[in-house]
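This report refers to the structure that appears directly beneath it.
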Amino acid sequence: MSESSMPELPKAYEPHDVERKWYKYWLERGYFTPHRDPAKVPFVIIQPPPNITGDLHLGHALTATIEDIMTRWHRMRGEPTLWLPGEDHAGIAAQVVVERLLAKEGLTRHQIGREAFLARVWQWVGETRDNIANQHRRLGVSCDWTRERFTLDAGPSRAVRTAFVRLYNKGLIYRGERIINWCPRCATALSDLEVEHQNVPSNLWHIKYPVVGEDGYYVIVATTRPETMLGDTAVAVNPSDERYGGIIGKSLMLPIVGSVIPVVADEAVAVDFGTGAVKVTPAHDPTDFEIGLRHKLPIINILNPDGTIGESGGKYQGQERFAARQAIVAELEQMGLLERIEPHTHAVGHCQRCRTVVEPMASLQWFVKIAPLAAPAISAVKDGRIRIVPERFTKVYLNWMENIRDWCISRQLWWGHRIPVWYCACGEMVVAVDDPKICPRCGGSELCQDPDVLDTWFSSGLWPHSTLGWPDDTEDLRYFYPTTIMETAYDILFFWVARMIMMGIEDTGEIPFRFVYLHGLIRDERGEKMSKTKGNVLDPLVLMDRYGTDALRFAVLWGTSPGNDSKLGDTKLEAGRNFANKLYNAARFVLRYATQDRGQRLEKVALTLEDRWILSRLARVNTSVTALMEEFEFGEALRQMHDFLWGEFCDWYIELTKGRLQSGAEPSPLPVLVHVLEQSLRLLHPYMPFVTEELWQSLKTATGQQSMADSIMISHYPVADESLHDDDAERVMDGLVEIVRAVRNTRAEYDVASERMIEIQIYAGVMTDSFQPYVAAIESLAKAKVAVLATHRRETSSRALALVLKAAEVVIPMASLFDLAAETARLEKEIAEAMWEQARLEAHLGDETFLARAPEAVVVKEKERLAMAMDKQARLKEHLQRLGE
RNA sequence: GGGCGGUUAGCUCAGCCGGUUAGAGCAUCUGCUUUACACGCAGGAGGUCAUAGGUUCGAAUCCUAUACCGCCCACCA
């Protein structure tokens, strides 16, 4: 292909067709599906399955980007790489959404019944699942779609039942009446984690409970929830509290209700809070429940499932709980039993899904006895078999695990994994993986399955092994488990990560993954959490339409560090788009010259200094980026590739090759241009897969390198060639850059018209020979005619600027622009700076302790600096003197 | 009540296992339609690295307090 026949490429990168084209290409060739190679250790990530409750958001985009980077990177390193995708049925969250859809039709789930409701959810899931998978594909995820799983698929569902039955048989799952969190709107129990506490300003109501048989005597209790007095069955005081010593064992009259309740002594009561006497409502408070157990108090539940007062509430029955609270306070006041109202702010629990205030309530539920599961999960992290990154989350994890409490796993919902327990009229309870046909005790066939479903996180906890085939002993499970990395946002460390570790170890005897990598949350430009209600949600699809997928992937990582939250707005997306475009245009430049007959192999060509420089820089960046990726420092790795490609390859190397390419000088820079670009594209491919594939394929075509792989994604990730490190070339290039910058700077300061060439003289001492071949390059880059390039300064007009640099002196005769006073002032200022520097260094080097304690290398460096400062000063003084002649 | 994170240029953030003159993107100012790129090029200005102590030859970096900001955990009603 000759230069003239190259198709004209548009000036700006257009991502959309490129994205579609290459994703299809990769998918069709099966590059996402790994081969199990027994000789190699696989790299495995199980994708955190997104909820099927709607669209992907930026958090998913970040997760997908980071996981895709790791996946593509390891795949390019030749490891059998599995990234397994899936979706989560999202129990309560999904049910809430479909209930809302029904509500729009004026229906409730109870009106249409369980079966019809579930059919509705499945129908809706069919749509959203495809939607989510397509959005993921759009992000370029290289996950293995042939192994895609849904939490309610047959396999994972059987895993759920198996895990349940095993835990039950070991006595680690039990059914019992305990205080749970009840959401009146969702009408279900919640785990402790699903309750979000919020400080709410409220009151501490002080209520008088009359002492039976002692007219005019009261015990005053303080409460934040006066309505719960309907379920009081005692008043408790601390046994050591002298104020109440005499009243323990006496009876009180419970106002409004009219029942008689005892005063009991219990250590759980704090002497210094409220009045020191606490009303005990065993059905609606965890502490009270415990006190109730110790003192054998009755448990009176005062609430209906919907949050209204129940039948035990007497005349308040049917009232909404907060209305009842007001009414009860009013009645107490009327009775003269309200001592006082003290403003009091306290934490109130809200349902994570619907924000409704939850009620602690005694209820018959299923629980996981968690301590025996937590112990091995704690040691796995403590002994380093599982490493959490960033490390600080280890402490958070351990602290939670060491104080963990039993996990309520039953939900009074319809959508989810039905609890595998059946009840027979004879009283027998059957816990089984497969639906039992008959009762093993009485032989009856009238078995009723428990109506409840499991907490959605129960199935999530099994995800790493259930997706790979557990409980069966499958090839995948044997080869890919334990997995390598669990990558997710830090906000589900307890919900999900901790439970996977517990359940994984419990079910398989092995840890589920070796690393936990936790990334931060993405906030909007003002730092606020994105939410639909705030209307500040950025839709990844819209952003990809506007800027391209690579730009979005760039944006979510740009300027981030592990575990820290980040903000995202147009600025970063523009930076990503601009970078993709810059790369595209750099490649467009190379492609103009890259032709098949000129694509020599690098090792056979002669190299110039700038060639050696860029190759040296590439090798260093390669080493650095690889090290950063090992440590999950993706933001910093991306920054280094960006700076190298833009600030060194484009700004200097490409500029330096222009003269050589246009003049046809030998050696041609093309092999190096092609090599550096090609290697850089591979380095960057995990981050920006589409633009790199597009450009890589163009390069492959243009250079006719048939030996290259079919796709950049299955090419080898570059290994830095340290033999290319070249300190000498880097030093000379630094000098060259310094000269060009200094001249450009002077031109700008003196307002020299951009088209005007100026004349300069360069005195480079021992580096003269090094710079000699670059006269033409300097002339072109600095717009200056180099008149002299010599070892020693020659006599010139005194009406000249003198730029005293590290590697050279540049003299610029500027007769018409020269201003003696200004130039004198400038030199004097520079001399003053050099003297100040000299004084500082001399003081430092005169410090005995510094010389004795600082490492040799630091001392040597300081000495070099001092020599340089003194040399510079001398040269500046010389110039100043000549100005006066 | 515990615990964690943050406080660095106008904005958003890197840097933080100590060692030149503290970096980037954006914004801003000056000048450029230079055939890879105006999604660009060249140049400039802008920071007592929250405050106070301490450790050290040397601190943005380590330690201790303090102040704000944010987050997580927690059954004192």
Side-chain angles (χ1 to χ4, degrees), chain A residues 9 11-13 179 192 197 204 221-225 228 236 268-275 277-281 285-290 344 346-347 360 390 392-393 395-396 399-400 403 405 490-491 493-494 520-521 525 527 529 547 551 558-561 563-572 574-592 633 635-636 639 642-643 647 650-651 654-655 658 740-741 744-749 751-755 780-783 833 837 841 844 847-855 857-859 861-862 864-865:
Chain A
L9 292 168
K11 278 187 160 189
Y13 175 58
I179 294 281
D192 296 339
H197 292 276
L204 204 49
V221 298
T223 180
T224 53
R225 293 183 296 153
T228 61
V269 180
V271 174
D272 56 356
F273 186 88
T275 62
V278 57
K279 57 189 272 313
V280 181
T281 321
D285 182 277
T287 311
D288 293 4
F289 186 81
E290 297 294 321
H344 181 68
H346 66 131
R392 63 186 148 90
F393 288 108
K395 204 172 156 185
V396 180
N399 181 53
W400 186 76
N403 297 293
R405 298 187 313 155
Y490 66 73
D491 61 346
L493 177 60
F494 304 144
L521 274 26
E525 266 184 322
K529 210 166 172 174
Y547 298 98
W558 187 241
T560 63
S561 50
N564 291 332
D565 294 351
S566 61
K567 294 173 194 171
L568 186 67
D570 289 332
T571 302
K572 287 182 182 180
E574 278 166 17
R577 180 201 56 191
N578 295 355
F579 181 48
N581 185 246
K582 184 72 179 178
L583 210 62
Y584 168 80
N585 274 292
R588 209 158 63 95
F589 173 81
V590 174
L591 288 169
R592 271 186 58 182
E633 299 271 3
E636 178 63 11
R639 209 209 89 230
H642 171 273
D643 289 357
C650 289
D651 287 352
I654 285 185
E655 291 305 320
K658 282 181 177 172
V740 171
R741 287 214 166 118
R744 282 173 174 170
N745 180 342
T746 305
R747 291 181 58 107
E749 257 177 47
D751 265 336
V752 179
S754 64
E755 65 278 2
S780 139
L781 295 173
K783 280 251 180 188
E833 279 166 11
E837 173 81 352
L841 289 163
H844 204 191
D847 183 340
E848 292 297 328
T849 341
F850 170 69
L851 294 175
R853 305 213 180 158
V858 174
V859 176
K861 251 187 177 177
E862 292 284 277
E864 278 170 9
R865 249 178 263 154

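Here is the naming used below: chain letters follow the sequence lines, and residue numbers restart at 1 for every chain.
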Look at the side-chain N and O atoms of [X] and state whether any lies under 4.0 Å from the OP1 or OP2 oxygen of [N].
X	N	value
A:Arg639	B:rG15	no
A:Asn403	B:rA74	no
A:Lys861	B:rU20	no

Once you apply a heavy-atom cut-off of 4.0 Å, does [X] come out as touching a base, just sugar-phosphate, or nothing?
X	answer
A:Arg741	sugar-phosphate
A:Ala270	base
A:Arg744	sugar-phosphate
A:Lys658	base

(request) For nucleotides B:rA60 and B:rU7, find the distance between their C1' atoms and express it as a whole number of Å. (result)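 The answer is 12 Å between these two C1' atoms.
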
(request) Provide the distance between the two C1' atoms, one in B:rG40 and one in B:rA59, to the nearest whole Å. (result)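 Their C1' atoms lie roughly 41 Å apart.
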
(request) Identify whether the distance between the nearest side-chain nitrogen and carboxylate oxygen of A:Arg577 and A:Glu574 falls below 4.0 Å. (result)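 Result for this pair is no, no salt bridge flagged.
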
(request) Choose from B:rC37, B:rA77, B:rU12 the nucleotide whose nearest atom is closest to any side-chain atom of A:Val269. (result) B:rA77

(request) Look up atom CG in A:Leu841 and atom CD in A:Glu864, then write down how far apart they are to the nearest 0.5 Å. (result) 11.5 Å

(message) Just the rounded figure in Å: distance from P of B:rG6 to CG of A:Asn564.
(response) 6 Å

(request) Measure the distance from CG on A:Leu521 to C1' on B:rG5 and round it to the nearest whole Å. (result)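 Computing the A:Leu521:CG to B:rG5:C1' distance gives 13 Å.
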
(request) State whether the side chain of A:Arg747 and the backbone N or O of A:Ala753 hold a donor-acceptor pair below 3.5 Å, judged by distance alone. (result) yes

(message) Could you check whether the side chain of A:Glu636 and the base of B:rA24 have a donor-acceptor pair of N or O atoms closer than 3.5 Å, going by distance alone?
(response) no

